[in-house]
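Below, chain A is the first sequence line, B the second, and so on; all start at residue 1.
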Number of protein chains: 6
Amino acid sequence: MKISARNTLKGTVKKVSPGAINTEIVVEIAPGVEVTSVITKASAENLGVSEGKEAYVVIKSSDVMVAVD
Amino acid sequence: MKISARNTLKGTVKKVSPGAINTEIVVEIAPGVEVTSVITKASAENLGVSEGKEAYVVIKSSDVMVAVD
Amino acid sequence: MKISARNTLKGTVKKVSPGAINTEIVVEIAPGVEVTSVITKASAENLGVSEGKEAYVVIKSSDVMVAVD
Amino acid sequence: MKISARNTLKGTVKKVSPGAINTEIVVEIAPGVEVTSVITKASAENLGVSEGKEAYVVIKSSDVMVAVD
Amino acid sequence: MKISARNTLKGTVKKVSPGAINTEIVVEIAPGVEVTSVITKASAENLGVSEGKEAYVVIKSSDVMVAVD
Amino acid sequence: MKISARNTLKGTVKKVSPGAINTEIVVEIAPGVEVTSVITKASAENLGVSEGKEAYVVIKSSDVMVAVD
């Protein structure tokens, strides 16, 4: 399946923290560059994400803000 | 100002494409790793983003999905 | 690729309306049930969506609200 | 109240799963077509959603992605 | 219709700027406090928003970030 | 840091409710006008938000809907 989300960044899962409904997942997408995701616990279990595994973070471009110093 | 968004990734602006209401901005956050953002044209002008400049992409963790092969 | 977004609904593209930066796409996911999406024009072109083709709408569950009468 | 969100899909609540802060709600919007929503627990209680009741899922079109096979 | 979005703020439309696909709308929700919204042009026309009219801005709480100085 | 999000509204924190992964925060941005935010618990702790403190709510304009009576 090919998705419209413009940002699909490959990385390695660094941390998986499950809560009651949601799970927080940290993916390292480049050396020292980490992205944090919150998805439902059911999705995280369904995907089988676990520390050390390869995964992608996927972000719709309208959800990305820009900032400058 | 310190913001709650978990993901603030520093990079270099590669491309700025203005439309009528929105502007599309591409930021390279690591060698070969680009993130595309769509923000309002007014915001882009107000921030003064232009190709070659440093900028951050900022993403709320609840807007980040995870995928696996 | 298997994605964490909980909602992946299969349907048929009914309408594609391109703008300067964004394109609006209407997908019929059940008889008489349509979902409207706005994605970047570049994504729409890259996916090759056109009227009459099969497509999925994909929605992260944290972006779905609930209402009652 | 009439809202700008383009997608308001009527259905029947199939499942309500409350957590600490958020509640996950599954609504069947067409035979065999389910949409999952995560809203705050306070909202879910305030709306009085429960299994078997009619409800709508409401989605802003800029939160809808498109995918193709 | 009663919606799960926690934030429904009443105000007065100050400005409506239509583009090709999207329309930008500014609503003053308290004296000197303005909120900017980008919705589809079709939605804006369908709602009949125009300068000087009463309107609400509606925001899902998971889309609200917090910042401190 | 200057961010592209069009809506940055100053206020006072009225309530902080932590869950397992997420924390719900209520900020009063004008007399009697409250905005509810859900951010990760880690972000809330990192920002040091607590009742009575000044804080901003930050909202991307593409996440703001409009409604009329």
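Only the side chain of E:Val49 comes within contact range of chain F, with heavy atoms under 4.5 Å apart. Only the side chain of F:Val33 comes within contact range of chain E, judged by heavy atoms closer than 4.5 Å. Only the side chain of E:Ala30 comes within contact range of chain F, with at least one heavy atom under 4.5 Å from a heavy atom of that chain.
Per-residue counts of heavy-atom pairs under 4.5 Å with chain F were compared for E:Leu47, E:Ile3, E:Thr8; the largest is that of E:Leu47.
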List the atom pairs, with distances to 0.1 Å, where a side-chain N or O of residues 58-69 of chain F and a protein N or O form a donor-acceptor pair under 3.5 Å, not counting sequence neighbours.
residue : atom : partner : partner atom : Å
F:Lys60 : NZ   : A:Ser62 : O            : 2.9
F:Lys60 : NZ   : B:Val38 : O            : 2.8
F:Lys60 : NZ   : F:Ser62 : OG           : 3.3
F:Ser62 : OG   : A:Ser62 : O            : 3.4
F:Asp69 : OD1  : E:Tyr56 : OH           : 3.2
F:Asp69 : OD2  : E:Tyr56 : OH           : 2.9

Let me have the donor-acceptor pairs involving side chains of residues 9-17 of chain E, under 3.5 Å, with sequence neighbours excluded, atom names and distances please.
none

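Of all the heavy atoms in E:Asn7 and F:Glu34, the pair that sits closest is OD1-O, 4.0 Å.
Residues of residues 18-29 of chain F lying under 4.5 angstrom from chain E, judged on non-hydrogen atoms, are F:Glu24, F:Ile25, F:Ile29 in numerical order.
Identified under the side-chain hydrogen bond (donor to acceptor under 3.5 Å, both in side chains) test for residues 46-55 of chain F, with sequence neighbours left out: none.
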